[in-house]
Amino acid sequence: MSNLLLAQQAATTVVNLNKGLAAIGYGLGAIGPGIGVGLIFAAVINGTARQPEAQGKLMNIGFTTFVLTEVLALIGIVIYFIASS
């Protein structure tokens, strides 16, 4: 009888690891957009240094790709909140 009681208690005791794993997943997922943003603006600075008259065009392209890259980080944080609930 006591074995049945212990088995029932073990079945009802569930440890929720989703929050911790979701935080680790988001941390790893945020590395990609961070590197991407760094590479984007490094290319803009490099292009501006080589051809200063193209700065306006390069900044436009740089901010457009920055927004597209940051959307990945925002999607990651939304998925974090969904997974941690």
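- The side chain to side chain contact (heavy atoms under 4.5 Å, CB included) test applied to L72 returns P33, not counting sequence neighbours.
- Both F81 and Y26 are part of a single hydrophobic cluster, where members link through side-chain heavy atoms under 4.5 Å apart.
- In this structure, the side chain to side chain contact (heavy atoms under 4.5 Å, CB included) partners of I82, at least two apart in sequence or on a different chain, are V78.
- Annotation: ring pair (Phe, Tyr, Trp, His ring centres under 6.0 Å) contacts involving residues 37-72, sequence neighbours excluded, comprise F41-F63, F41-F66.
- Applying the side chain to side chain donor-acceptor pair (under 3.5 Å) definition to pairs two or more places apart or across chains, those involving residues 44-57 are N46-R50, Q51-E53.
- Hydrophobic clustering, with ILVMFWY side chains joined whenever heavy atoms are under 4.5 angstrom apart, keeps L28 apart from I79.
- For I35, the side chain to side chain contact (heavy atoms under 4.5 Å, CB included) test picks out I31, L39, with sequence neighbours left out.
- Judged as a side chain to side chain donor-acceptor pair (under 3.5 Å), not a single pair has a partner in residues 65-80 (not counting sequence neighbours).
- The cluster map of Ile, Leu, Val, Met, Phe, Trp and Tyr, joined by side-chain heavy atoms under 4.5 Å apart, puts V37 and I61 in different clusters.
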